[in-house]
Asker: 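Here it is, the structure, as structure tokens.
We name chains A, B, ... by the order of the sequence lines, and we start the count at 1 in each one.
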There are 2 protein chains.
Amino acid sequence: MLAQDQPVEWTPKAHDLLEAAAALFYERGIAAVGVDTVAQHAGVTKKTLYDRFGSKERLVAEYLRSREEQRRAALVAALDEARDPVERVAAVYDGTRAWAAAQPVWRGCPVVNAHAEINTAGHPAYPLVAEQKRWTRDLFSGLLVYAGVPAEHRDALATQLLALLEGAQVVVGMGADPHGFLRARDAGVALVRSVLA
Amino acid sequence: MLAQDQPVEWTPKAHDLLEAAAALFYERGIAAVGVDTVAQHAGVTKKTLYDRFGSKERLVAEYLRSREEQRRAALVAALDEARDPVERVAAVYDGTRAWAAAQPVWRGCPVVNAHAEINTAGHPAYPLVAEQKRWTRDLFSGLLVYAGVPAEHRDALATQLLALLEGAQVVVGMGADPHGFLRARDAGVALVRSVLA
DNA sequence: GACGCGGTAGACCGACCTGTCTACCTTCGG
DNA sequence: CCGAAGGTAGACAGGTCGGTCTACCGCGTC
């Protein structure tokens with residue numbers, strides 16, 4: 001078995017495995033997908049899966065890490081196109097919408113979904129889950145500093161912007177409104193404007 | 001086995017089973033909890049479980065139905081205390097916060113969590129999941145009519161209020177901000193006020 | 001006193017789960 | 001030419017899963 005904290009060796013088949021695992025875990029749920037299924041979809045033997053990742057838990061952790069990497073890349077891409085402070089807040093919603101649209105199917109935030117299935121604190125994906133929302137909140141917080149939002153409003157507003165972003169992912173993922181990201185963007189912009197005025 | 005659409009016979013042990021199942025499914029995840037574990041926690045035999053509910057899927061559906069019943073009861077309780085139109089919108093957030101606080105642990109919306117684990121459209125809990133967000137959106141929609149929000153703003157605003165509510169549940173559930181419900185409430189009120197002015 | 005009912009106790013089934021193992025094949029660098 | 005590395009094929013182990021079944025018990029009611 002692969003040692004627990006030893007990094008994954010990214011052979012071509014390891015990439016195939018991650019790709020297959022990511023799609024299956026996201027679309028069907030983590031516990032609902034067995035390692036045999038993942039290996040089969042990747043066109044690979046189970047032994048190769050264990051040679052590269054060492055355990056299913058580790059594969060899950062890598063799945064979440066890679067999805068989060070994608071997301072942050074989409075966010076910086078969207079942020080690079082906006083210089084106006086309020087537009088930069090809006091860009092977070094646009095970037096998330098673009099990231100969601102890039103997935104073959106959208107079933108809500110992968111981290112939230114994984115959180116619903118991971119109970120043991122010892123799971124290697126646990127720290128990733130805990131860190132992700134904090135990171136996004138800090139992102140908003142920084143954008144609010146840049147926008148000149150007074151410190152007394154900053155914490156509350158960061159939470160509100162984060163709630164809108166998370167809520168939009170849920171709303172779209174459950175099919176309650178296909179324009180959820182645009183609506184959330186408008187609301188976020190309105191909230192920021194109201195404390196700047 | 002219990003017939004698929006035949007109603008559950010609510011004997012005392014059936015209630016014990018639902019209570020145990022609800023706690024376990026919510027706190028550990030649905031797939032992670034076996035029927036043996038549920039029966040054991042309820043102080044009941046597996047046979048009794050199957051005599052009353054017929055299948056695990058059916059038990060899951062009843063779990064979600066009962067949690068949603070609780071939630072709507074908390075919402076009407078909060079709504080009954082508010083007559084002012086904007087205060088009634090705020091009451092939805094307060095009611096949800098009270099409902100969340102009533103749970104021994106809060107790990108986000110049970111329906112969203114279940115949605116992450118349920119992939120098969122034939123699952124008896126599937127219609128419940130699909131209906132729930134629509135119902136809540138309709139609730140906001142009705143409150144906005146009552147508040148005199150012009151029709152052109154109503155749909156977008158209902159989605160924004162729903163996103164704030166769902167987002168607050170995520171934010172609190174993942175520990176990103178313990179005051180998530182209060183923040184969401186303030187943001188929702190501000191958004192409603194801005195279209196009324 | 002017979003019967004139905006809700007329940008216990010626990011064996012049992014086949015399927016599937018994560019994870020390991022042996023044996024062999026291919027490719028490539030020194 | 002050799003050996004290491006990445007891989008295939010597939011059996012295997014031990015455990016858990018959802019679900020079924022038989023045998024029995026206690027209680028209330030015709």
Asker: Going by side-chain heavy atoms closer than 4.5 Å, which hydrophobic residues are tied to B:I118, directly or by a chain of links?
Answerer: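 Result for B:I118 is B:Y126.
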Asker: How many whole angstroms separate atom CG of A:L49 from atom P of D:dG6?
Answerer: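 Whole-Å distance recorded here is 15 Å.
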Asker: For A:Y26, enumerate each residue passing the ring-ring contact (aromatic ring centres under 6.0 Å, His included) test, keeping only those at least two apart in sequence or located in another chain.
Answerer: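 Here no residue qualifies.
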Asker: Tell me: OH of B:Y50 to C1' of D:dC21, nearest whole Å?
Answerer: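 Rounding to the nearest Å, OH of B:Y50 and C1' of D:dC21 are 13 Å apart.
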Asker: Can you name the residues that form a side chain to side chain donor-acceptor pair (under 3.5 Å) with A:K56, not counting sequence neighbours?
Answerer: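 Expected list: none.
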Asker: Only counting residues at least two apart or in another chain, list the ones meeting salt bridge (charged side-chain N to carboxylate O under 4.0 Å, His left out) with A:R193.
Answerer: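 Partners of A:R193 under the salt bridge (charged side-chain N to carboxylate O under 4.0 Å, His left out) test: none.
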Asker: Pull out every residue in residues 33-42 of chain A that has a heavy atom closer than 4.0 Å to any atom of DNA chain D, ordered by number, or say none.
Answerer: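 Residues of residues 33-42 of chain A under 4.0 Å from DNA chain D: none.
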Asker: B:L17 has an atom CG; how far is it from atom P of D:dG19, in whole Å?
Answerer: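 Computing the B:L17:CG to D:dG19:P distance gives 14 Å.
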Asker: Measure from NE2 on B:H123 to P on D:dG18 and round the result to the nearest Å.
Answerer: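 About 11 Å, once rounded to whole Å.
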Asker: Nearest whole Å is fine: how far is C:dT18 C1' from A:F53 CZ?
Answerer: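 It is 16 Å, rounded to the nearest whole Å.
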Asker: Grab the N/O contacts between the protein and nucleotides 7-14 of chain D below 3.5 Å, and write none if there aren't any.
Answerer:
from, atom 1, to, atom 2, distance (Å)
D:dG7, OP1, A:T11, OG1, 3.1
D:dG7, OP1, A:K13, N, 3.3
D:dG7, OP2, A:T11, OG1, 3.3
D:dG7, OP2, A:R52, NE, 3.0
D:dT8, OP1, A:G43, O, 3.1
D:dT8, OP2, A:T45, N, 3.2
D:dT8, OP2, A:T45, OG1, 3.0
D:dT8, OP2, A:T48, OG1, 2.8

Asker: Could you verify whether a donor N or O on one side chain and an acceptor N or O on the other, from B:R154 and B:S141, lie under 3.5 Å apart?
Answerer: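 The answer is no; no qualifying pair exists.
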Asker: For B:D138, enumerate each residue passing the salt bridge (charged side-chain N to carboxylate O under 4.0 Å, His left out) test, keeping only those at least two apart in sequence or located in another chain.
Answerer: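 Result, salt bridge (charged side-chain N to carboxylate O under 4.0 Å, His left out) vs B:D138: B:R134.
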Asker: Who passes side chain to side chain contact (heavy atoms under 4.5 Å, CB included) against A:A14, sequence neighbours left out?
Answerer: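 Expected list: A:W10, A:T11, A:R52, A:F53.
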Asker: Sequence neighbours left out, what passes salt bridge (charged side-chain N to carboxylate O under 4.0 Å, His left out) with A:E152? Give chain and number order.
Answerer: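 Residues passing salt bridge (charged side-chain N to carboxylate O under 4.0 Å, His left out) with A:E152: none at all.
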